[in-house]
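To start, the structure itself, in structure tokens.
A, B, ... follow the sequence lines: proteins, then strands. Residue 1 opens every chain.
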Protein chains: 2
Amino acid sequence: MLSIDQLRVLDAIDRCASFAEAAHELHRVPSAVSYAVRQAEEEAGFPIFDRSARKASFTPAGYRLLEEGRRLLRESARLDALAAQLATGWEPELHVVVDGVLPMGPVLRAYPSFADPTVPTRLRVDVEYKQGVLRRFADASADLMLLIGFDPGEDTEAFELFELAPLRMVLVAAPGSGQAPGTGLELAVRDSSPGVDGRSFSGGREVAWLPDFHSKRTALLEGVGFGWLPEHLVTDDLAHGRLAPVEAEVAEWTYAPVVARRASVPLGKGAALFLRHLGVDGVRPEVV
Amino acid sequence: MLSIDQLRVLDAIDRCASFAEAAHELHRVPSAVSYAVRQAEEEAGFPIFDRSARKASFTPAGYRLLEEGRRLLRESARLDALAAQLATGWEPELHVVVDGVLPMGPVLRAYPSFADPTVPTRLRVDVEYKQGVLRRFADASADLMLLIGFDPGEDTEAFELFELAPLRMVLVAAPGSGQAPGTGLELAVRDSSPGVDGRSFSGGREVAWLPDFHSKRTALLEGVGFGWLPEHLVTDDLAHGRLAPVEAEVAEWTYAPVVARRASVPLGKGAALFLRHLGVDGVRPEVV
DNA sequence: AGCATGGTTCAAGCATATCGAACATTCGCT
DNA sequence: AGCGAATGTTCGATATGCTTGAACCATGCT
């Protein structure tokens with residue numbers, strides 16, 4: 001089959017409009033170019049140049065072959081660029097697991113950067129809830145996780161943590177619904193980890209388990225029960241009186257969310273880019 | 001840069017799931033495969049395989065490289081297929097010049113065939129009028145021309161002609177417009193050849209020159225004058241009484257349109273395909 | 001332990017791309 | 001016309017590098 005090198009020669013000849021010039025550009029001797037062309041014609045099965053005149057010129061079919069061949073050359077350049085990037089610390093994929101309580105805005109705003117063709121890293125985001133975050137992070141050996149109340153336990157060395165903006169949780173219900181601790185139904189988001197049974201945390205009280213925070217908010221708006229929601233989901237509802245704080249001993253709680261990564265794997269450029277989008281600064285990708 | 005051959009090796013390894021199997025498929029010895037992989041890794045600048053385990057497996061970056069590299073392989077196969085077709089008598093471009101009097105339907109219906117990716121020939125159609133057809137055919141050294149009243153003159157050997165369906169011309173005008181030879185304005189389509197002055201054929205009578213037959217039909221419908229039109233453009237108008245035949249000695253004329261090609265250049269597969277669309281049968285492309 | 005499997009290393013041989021020089025051809029200039 | 005410059009080709013020599021086969025190492029299975 002036609003080789004990339006042969007196409008490169010044809011391309012140079014077309015741009016330089018001469019075998020000799022092309023040879024010069026390619027840092028080869030004219031006979032080498034002539035040889036390469038002959039090889040290409042052998043492969044193609046038809047003459048690529050019309051040599052009847054003093055200056056060789058492309059045959060129509062030859063030129064068509066070059067036109068199409070340039071696609072191959074572009075593809076080849078693309079691939080080499082990709083290889084160069086992968087070699088200098090860009091991960092092929094960045095897998096991030098996010099706790100669904102957290103605001104998705106900053107995460108979603110990172111997407112355009114990763115859609116840029118000059119960024120080889122593919123971004124994959126999974127949203128999980130509660131224990132499901134850690135579970136997914138471990139099972140899929142993801143690169144980063146954004147979560148609240150993370151305790152590395154004994155192997156504090158195993159993770160590097162970056163602090164994110166604090167996350168306020170508020171205990172709310174629809175005003176006039178009479179939903180409150182003791183008198184109503186508590187709404188909670190179900191743990192997305194398949195092994196964990198939601199009920200195990202119910203503590204004996206009546207609890208309704210919901211699949212995510214958006215369902216939970218909808219249920220709260222409907223006056224189905226009372227429950228905790230992250231503040232960013234309810235500021236609007238509180239302002240418009242669609243939801244109201246519930247009277248309780250503890251009706252507000254602030255978490256310090258973190259993004260965690262395994263200390264054992266080097267921090268790639270894709271991860272660094274992502275972290276920068278989250279407002280984490282001072283991240284230096286480790287050069288491999 | 002990474003060569004097509006190296007990618008082919010990586011691809012085989014992935015499909016066969018083993019260096020040894022891949023070597024077998026590629027009809028090479030295992031060490032050759034190992035060598036090629038090492039070369040590829042050298043080029044890439046990072047390890048493509050994880051050799052820590054018994055069986056070598058792709059690194060994430062290595063697999064990503066292969067995924068993208070397969071695009072190159074597809075492109076390469078495409079190009080080789082194109083070369084094979086160009087070598088076996090498919091022209092890179094088929095340039096057809098059509099006289100605007102003729103119905104375009106059969107010509108336009110050929111387009112889908114040439115849009116087929118398995119047909120490498122690009123179809124280019126130019127519409128001209130009167131002498132403009134011959135002129136364009138000669139100037140652009142087109143491959144085929146569809147025209148009426150073609151006389152090869154002395155060098156009847158220089159062209160091969162194929163007959164097309166007869167073309168009836170009718171002399172028409174808007175009914176009640178009073179437009180007729182002697183009493184009205186004759187409408188004629190201007191010769192599209194830039195050198196030819198339309199007036200040279202006017203014969204002293206009053207003649208209005210129009211750019212094409214669709215304009216001419218519109219002018220006739222408006223009652224601007226009388227004139228000849230190909231039947232296929234006016235059957236509907238005649239049926240609905242928007243136009244009517246004009247009283248004259250000769251109010252109808254039938255041409256025998258032909259498609260002509262130079263006998264000196266071999267008939268390509270693209271041309272043969274096009275001719276088949278025109279209903280010309282028994283065309284055999286000359287194998288080059 | 002022994003063997004099969006999967007991959008690597010190494011030296012040798014062979015193919016092939018490159019080079020340099022000599023040659024043909026055409027164009028342009030004097 | 002005649003000469004020189006430029007273009008592309010041919011050809012033998014050379015060197016690079018691909019391929020091979022055999023020996024070698026590691027791992028997993030019986």
Qualifying ring-ring contact (aromatic ring centres under 6.0 Å, His included) pairs with a residue from residues 5-48 of chain B, counting only residues at least two apart or across chains: Phe19(B)-Phe49(B)
Distance check needed: dT7(D) P versus His24(A) NE2, whole Å only. 12 Å
Distance, rounded to the nearest Å, where Asp5(B) contributes CG and dC18(D) contributes C1': 10 Å
Any side-chain N or O of Arg38(B) under 4.0 Å from OP1/OP2 of dG7(C)? no
Between dA17(C) and Arg28(A), counting only base atoms on the nucleotide and side-chain atoms on the residue, is there a donor-acceptor pair under 3.5 Å? no
Spacing between Glu42(A) atom CD and dA17(C) atom P, to the nearest angstrom: 12 Å
Any side-chain hydrogen bond (donor to acceptor under 3.5 Å, both in side chains) pairs touching residues 45-63 of chain B, not counting sequence neighbours? Asp14(B)-Tyr63(B), Glu41(B)-Arg51(B), Asp50(B)-Ser52(B)
Which whole-number value in Å describes the distance from Arg54(B) CZ to dC24(D) P? 20 Å
Ignoring the backbone of Val29(A), work out which of dT7(D), dC19(C), dT8(C) is nearest its side chain. dC19(C)
Can you measure Lys55(A) atom NZ to dG28(C) atom C1' for me and round it to whole angstrom units? 14 Å
What I want to check is whether the side chains of Thr118(B) and Asp116(B) have a donor and an acceptor closer together than 3.5 Å. yes
Between dA17(C) atom P and Gln6(A) atom CD, what is the distance in whole Å? 8 Å
With a distance cut-off below 6.0 Å to the six-membered ring centre and an angular limit of 45° from the axis, does Arg261(A) pair with Phe162(A) as a cation-pi contact? no
Please check the phosphate of dT8(C) (OP1 and OP2 only) for any side-chain N or O of Arg51(B) closer than 4.0 Å. yes
Quick check on dT8(C): is either OP1 or OP2 less than 4.0 Å from any side-chain nitrogen or oxygen of Ser34(B)? yes
Tell me the interatomic distance from Phe19(A), atom CZ, to dC19(C), atom C1', rounded to whole angstroms. 18 Å
Listed nucleotide nearest any side-chain atom of Ser31(B), set dG20(C), dC10(C), dT16(C): dC10(C)
Quick check for you: to the nearest 0.5 Å, what is the distance between Arg78(A) atom CZ and Leu72(B) atom CG? 9.5 Å
Assign each of Ser52(A) and Ala32(A) to its nearest nucleotide of DNA chain C by heavy atoms, then name whichever residue's nucleotide is nearer the 5' end. Ala32(A)
Going by modelled atom types, is there a donor-acceptor pair between the base of dG7(C) and the side chain of Ser18(B) at under 3.5 Å? no
Between dT7(D) atom P and Tyr35(A) atom OH, what is the distance in whole Å? 24 Å
